[in-house]
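Here the structure is a predicted model, which means the values were calculated and not measured.
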There are 2 protein chains.
Amino acid sequence: MNGSDAVLQALDHAGYHLTGPRRAMAQLIAGRQGRFSAEDLVHAAQREGRPVGRATVFRSLEIFEALGLVERVHLARGEHAYVVCDPARHHHHVVCTRCGRSTDVGDIGIDPITRSIEARTGFRVESHRIEFFGLCPECRGEPAARA
Amino acid sequence: MNGSDAVLQALDHAGYHLTGPRRAMAQLIAGRQGRFSAEDLVHAAQREGRPVGRATVFRSLEIFEALGLVERVHLARGEHAYVVCDPARHHHHVVCTRCGRSTDVGDIGIDPITRSIEARTGFRVESHRIEFFGLCPECRGEPAARA
DNA sequence: CTCAATCCGAGACTCAGTATCGTTCCGGAC
DNA sequence: GTCCGGAACGATACTGAGTCTCGGATTGAG
């Protein structure tokens, strides 16, 4: 089953039009393993011979994010990227600092921690951002790289 | 004891010149409670009658960050800001989504969590970004605000 | 005081992301 | 199958944070 079908189905189900550019976007992100930026998609679409306007890429990503199909992650140096992810489950990501591959880590049991923070600081914690950075299994094995 | 003294001392100790603009910056950040952006400092300096160039503000913040005097945090919507913080202690921040005040929460005991992630995913986790967002004690009490 | 190294500010530049707007496309109704 | 209004499109201008550059000013060691 083509992964892009799921994306299109989600779009349709939420009442969005199934337009050409969106189909293209769906295919592009369905095949991705690691992180990607909006710019990456613009170029990828161009390379595939069905260019999509920059504005449209951002708009689509916004929708995909709202539907929980992709998630925005904030990289180490502050720039950001997207990763495809399993909708509807609370989870976080580990992002490989070398190759960019990312993996869900499921719920890491943050609740007791937020509760202890609330008790200590008096804040009411409403959300959090948690991202882990490191080397994925493949990159661990390789010699210190250039690239 | 003026908090800016500590900043100046750290600068001096690290071999940086103690210039006028840096003194101004030191004073400006020493008094801050919550988060602030580079832009905030530019305006604040201007208001105090000793304007500092934008480039200089960024350069100084970079140095301060390297010295562990301030820390860059990434806000909920992706933009970022700085908070003053206690150098040399592993800790995280809770940032108030209403007023911007921020507080250290010390070490929250993330080690066992990173270890469990390594075991589950095969990644070697080298760093993480953890930020909590919510309402500080003052803002919790107030009626749903404007501004 | 002198002098080289450091640092400064002004402003041009970059780059991601947003806003605008006239045109095009989608898809439900008929 | 055709019509039509709303949704979506692309091109492009704009914005705002952050970086780079460079000639001139400051710092502080000697």
Side-chain angles (χ1 to χ4, degrees), chain A residues 7-28 35-67 70-83 100, chain B residues 7-28 35-67 70-83 100:
Chain A
V7 176
L8 295 174
Q9 207 170 336
L11 276 178
D12 192 29
H13 189 263
Y16 291 103
H17 287 184
L18 297 184
T19 68
R22 284 181 185 161
R23 287 170 199 277
M25 293 277 298
Q27 268 193 15
L28 286 176
R35 62 158 188 251
F36 53 89
S37 66
E39 217 54 29
D40 290 341
L41 294 182
V42 173
H43 294 142
Q46 213 150 33
R47 245 179 286 119
E48 303 224 336
R50 25 180 180 168
V52 175
R54 251 162 51 82
T56 303
V57 170
F58 281 104
R59 275 189 292 244
S60 305
L61 283 173
E62 202 177 323
I63 292 172
F64 292 170
E65 189 185 8
L67 295 179
V70 302
E71 192 166 319
R72 235 173 146 171
V73 297
H74 300 253
L75 271 33
R77 265 192 48 257
E79 72 278 39
H80 39 270
Y82 295 84
V83 295
Chain B
V7 176
L8 295 175
Q9 206 170 338
L11 275 178
D12 192 29
H13 189 263
Y16 291 102
H17 286 184
L18 297 184
T19 69
R22 284 181 185 161
R23 287 170 200 278
M25 293 278 297
Q27 268 193 15
L28 286 176
R35 63 160 189 249
F36 53 89
S37 66
E39 217 55 28
D40 289 342
L41 294 182
V42 173
H43 293 143
Q46 213 150 32
R47 245 179 285 120
E48 301 225 338
R50 24 181 181 168
V52 175
R54 250 161 52 80
T56 304
V57 170
F58 281 104
R59 274 189 293 245
S60 305
L61 282 174
E62 202 175 323
I63 293 172
F64 292 169
E65 189 185 7
L67 295 179
V70 302
E71 191 167 319
R72 236 172 146 173
V73 298
H74 300 254
L75 270 34
R77 265 193 48 257
E79 72 278 39
H80 39 268
Y82 296 84
V83 295

Separation of atom [atom1] in [X] from atom [atom2] in [N], rounded to whole Å:
{"X": "A:D12", "N": "C:dC25", "atom1": "CG", "atom2": "P", "value": "20 Å"}
{"X": "A:H80", "N": "D:dG16", "atom1": "NE2", "atom2": "C1'", "value": "13 Å"}
{"X": "A:R50", "N": "D:dG10", "atom1": "CZ", "atom2": "C1'", "value": "17 Å"}
{"X": "A:L18", "N": "D:dC9", "atom1": "CG", "atom2": "C1'", "value": "15 Å"}
{"X": "B:E62", "N": "D:dG18", "atom1": "CD", "atom2": "P", "value": "12 Å"}
{"X": "A:L61", "N": "D:dA8", "atom1": "CG", "atom2": "P", "value": "15 Å"}
{"X": "B:L11", "N": "D:dG28", "atom1": "CG", "atom2": "C1'", "value": "15 Å"}
{"X": "A:F58", "N": "D:dT15", "atom1": "CZ", "atom2": "P", "value": "17 Å"}

Which parts of nucleotides 3-13 of chain C does protein reach within less than 4.0 Å, heavy atoms only, written one letter per nucleotide 5' to 3' as B for base, S for sugar-phosphate only and - for none? ---SSBBBB--
Distance, nearest 0.5 Å, that separates CG of B:L41 from CZ of B:F58: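 The CZ atom of B:F58 is 9.5 Å from CG of B:L41, to the nearest 0.5 Å.
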Side chains of [X] and [Y] in contact at under 4.5 Å (non-hydrogen atoms):
{"X": "A:I63", "Y": "A:R22", "result": "yes"}
{"X": "A:L28", "Y": "A:E48", "result": "yes"}
{"X": "A:E39", "Y": "A:R54", "result": "yes"}

In short, B:M25 meets B:F64 closest at the heavy-atom pair CB-CE1, 4.0 Å
Go through the steps for B:Q27 and B:R23 under the test side-chain contact (heavy atoms from CB on, under 4.5 Å), then give the verdict. CA-CA 6 Å; B:Q27 268 193 15; B:R23 287 170 200 278; over 6 Å; no
